[in-house]
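Counting begins at 1 with the first residue of the sequence. None of the values given here were measured: they were computed from a predicted structure. The figures that follow rest on heavy atoms only: side chains count, while hydrogens, waters and symmetry mates do not.
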Amino acid sequence: MVIAMLLSGSIGLFVIKSGQSPINIVFFRCLIAALCLAPLCYFYGQFNKKYFNIKELMLMISSGLLIVFNWALLFAAFPKTSISLATIVYHVNPFIILFLGAILFKNKINKNDITWTVLAFIGLIIIIGLGNFKFDYNQFSGLALVLIATTLYSISVLITKKLNNTPPLLIVLIQTISGAIVLCPFANLIGTSPSGNQWIFIICLGVFHTALLYFLMYSAIKKIPLNNISILSFIYPISTIFIDYLFFDHLLTSLQIIGSLLILIGVLGIKLHWNVFKTNH
């Protein structure tokens, strides 16, 4: 899980260094990951017809399309804002999942959930800088793309939860195949296809940051408690902050640090079910 989160933290670096458009990056990421995941799924005997009924397949494809467009929007946001800031704001997805679950599936939201959501929302307002006389519209548009991306990801998670009996690696394989097929007509494979060192970063995004990352993450989920997973997942944004500073000299301002901490504390509160108020069970 630690290796998986460190890999996640370096995605932004490889995206920027690839020098490719977001659509090109996501297309190649999907294609290369699918080529890596197919032998793994075959080895583990996951190409079983019981996983390929119409309903399951449609759920996998629809969640896959949401995932790939989420990647494209997130990657488009990186040049507009810092990688570290985009990553932290992206982590508001547990709140979106929580409220979408309440709207779509009538899941109950308690006072504790609302408290942590409000805390994270205050953090988000501080980061965006509403009320700041030096309001940065470029950064605002970048963070808006991140929020749309994380909403698409959240909807994808809710769809994927319906696939209770489908092996996770097979889900990712179908998602990446779907993404590669849908994005192929939009990818610029002639004029601005990767060249030289760009291929190293593109291949790494497919092999290490997708195929290996998901394999490690799903293997870890089977072996460690959910609380540990929630805590270890914070290696992702923290490592991103360090990488952003080391390679791009981006340092969060004091206000951005305060906003980021509020978001991360709010996310932990939701994930670990911290009680501010006593709830009736």
Side-chain angles (χ1 to χ4, degrees), residues 5 8 55-74 77 85-128 130 140 143-166 168 171-172 174-175 178 214 217-218 221 224-234 236-237 258-281:
M5 290 302 100
S8 296
K55 183 187 173 184
E56 302 268 314
L57 202 55
M58 291 309 294
L59 286 172
M60 285 191 276
I61 291 170
S62 57
S63 67
L65 297 181
L66 289 167
I67 283 280
V68 296
F69 286 114
N70 138 75
W71 285 343
L73 290 170
L74 181 62
L85 213 54
T87 303
I88 289 162
V89 171
Y90 188 80
H91 273 72
V92 301
N93 61 73
F95 305 105
I96 298 169
I97 292 169
L98 183 75
F99 284 96
L100 283 176
I103 295 164
L104 300 175
F105 308 116
K106 310 299 180 190
N107 295 341
K108 289 184 179 178
I109 299 176
N110 58 48
K111 289 180 182 178
N112 292 307
D113 294 334
I114 293 170
T115 302
W116 298 121
T117 303
V118 169
L119 186 71
F121 185 70
I122 292 167
L124 184 61
I125 299 246
I126 291 171
I127 282 178
I128 291 173
L130 296 180
F140 177 77
L143 294 177
L145 287 173
V146 175
L147 288 171
I148 297 168
T150 198
T151 302
L152 294 181
Y153 171 77
S154 302
I155 298 168
S156 175
V157 168
L158 290 172
I159 292 172
T160 306
K161 281 185 178 181
K162 297 284 185 184
L163 299 162
N164 295 324
N165 302 315
T166 312
I171 295 172
V172 181
I174 300 301
Q175 287 176 334
S178 306
Y214 280 100
M217 200 160 58
Y218 288 137
I221 286 167
I224 55 178
L226 281 174
N227 281 8
N228 290 9
I229 291 169
S230 298
I231 293 165
L232 289 172
S233 67
F234 280 82
Y236 174 16
I258 292 167
S260 301
L261 284 173
L262 290 177
I263 288 174
L264 297 179
I265 291 167
V267 171
L268 263 183
I270 286 280
K271 286 187 173 183
L272 300 180
H273 306 291
W274 287 344
N275 288 328
V276 180
F277 305 98
K278 286 185 180 179
T279 52
N280 297 319
H281 298 285

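For the pair Thr160 and Ile171, the tightest heavy-atom approach, listed with the atom from each and the gap, is CG2-CD1, 4.0 Å. The nearest pair of heavy atoms linking Val146 to Ala86 is CG1-O, 3.3 Å. Closest approach of Met5 to Met217, counting heavy atoms only: CE-SD, 3.7 Å. Closest approach of Ser156 to Ser63, counting heavy atoms only: OG-O, 3.1 Å. The shortest heavy-atom contact between Leu74 and Ala149 is N-CB, 3.9 Å. Smallest separation of non-hydrogen atoms from Ser8 and Tyr236: O-CE1, 3.2 Å.
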Phe99/Ile109 under side chain to side chain contact (heavy atoms under 4.5 Å, CB included): CA gap, chis, key distance, verdict: CA-CA 8 Å; Phe99 284 96; Ile109 299 176; 3.5 Å; yes
Using the rule given for side chain to side chain contact (heavy atoms under 4.5 Å, CB included), can you reason through Leu163 versus Met60, listing the C-alpha separation, both sets of side-chain angles and the distance that settles it, and then say yes or no? CA-CA 8 Å; Leu163 299 162; Met60 285 191 276; 3.5 Å; yes
Yes or no on side chain to side chain contact (heavy atoms under 4.5 Å, CB included) for Trp274 and Thr115, after CA distance, side-chain angles and deciding distance? CA-CA 10 Å; Trp274 287 344; Thr115 302; over 6 Å; no
Does Leu232 form a side chain to side chain contact (heavy atoms under 4.5 Å, CB included) with Ile224? I'd like the steps, not just the answer. CA-CA 10 Å; Leu232 289 172; Ile224 55 178; 3.9 Å; yes
Under 3.5 Å, side-chain donor or acceptor atoms of residues 258-271 against the rest of the protein: list the pairs with distances, not counting sequence neighbours.
from: Ser260; atom 1: OG; to: Gln256; atom 2: O; distance (Å): 2.7
from: Lys271; atom 1: NZ; to: Ser233; atom 2: OG; distance (Å): 3.4

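Other residues, nucleotides and ligands contribute over 12 non-hydrogen atoms within 6.0 Å of the OH atom of Tyr90. Environment of OH in Tyr218: crowded, with over 12 heavy atoms of neighbouring residues, nucleotides or ligands closer than 6.0 Å.
Within the model, atoms CG of Leu152 and CG of Leu65 stand 10.5 Å from one another, a figure rounded to the nearest 0.5 Å. One distance of note links CG of Leu119 with CD1 of Ile114; it measures 14.0 Å at 0.5 Å rounding. Taking NE2 of His273 as the reference point, atom CG of Asn110 lies at 9.5 Å (rounded to 0.5 Å). A distance of 10.5 Å separates CG of Leu158 from CD1 of Ile103, quoted to the nearest 0.5 Å. A distance of 13.0 Å separates OG1 in Thr151 from CZ in Phe95, rounded to the nearest 0.5 Å. Rounded to the nearest 0.5 angstrom, Leu59 CG and Lys162 NZ are separated by 8.5 Å.
A donor-acceptor pair is defined here as one N or O able to donate and one able to accept, closer than 3.5 Å; no such pair exists between the side chain of Asn93 and the backbone of Thr150. One N or O on the side chain of Thr117 and one on the backbone of Asp113 form a donor-acceptor pair closer than 3.5 Å.
When the side chain to side chain donor-acceptor pair (under 3.5 Å) test is applied to Thr166, the partners found at least two apart in sequence or on another chain are Glu56.
Residues Leu100 and Phe105 have side chains not in contact (no heavy-atom distance under 4.5 Å, counting atoms from C-beta outward). Residues Leu147 and Leu143 are not in side-chain contact: their nearest non-hydrogen atoms beyond the backbone lie 4.5 Å or more apart. Side chains of Ile155 and Ile159 form a contact here, defined as non-hydrogen atoms less than 4.5 Å apart.
Taking the six-membered ring where tryptophan is involved, the planes of His91 and Phe234 are tilted, since the angle between them lies from 30° to 60°.
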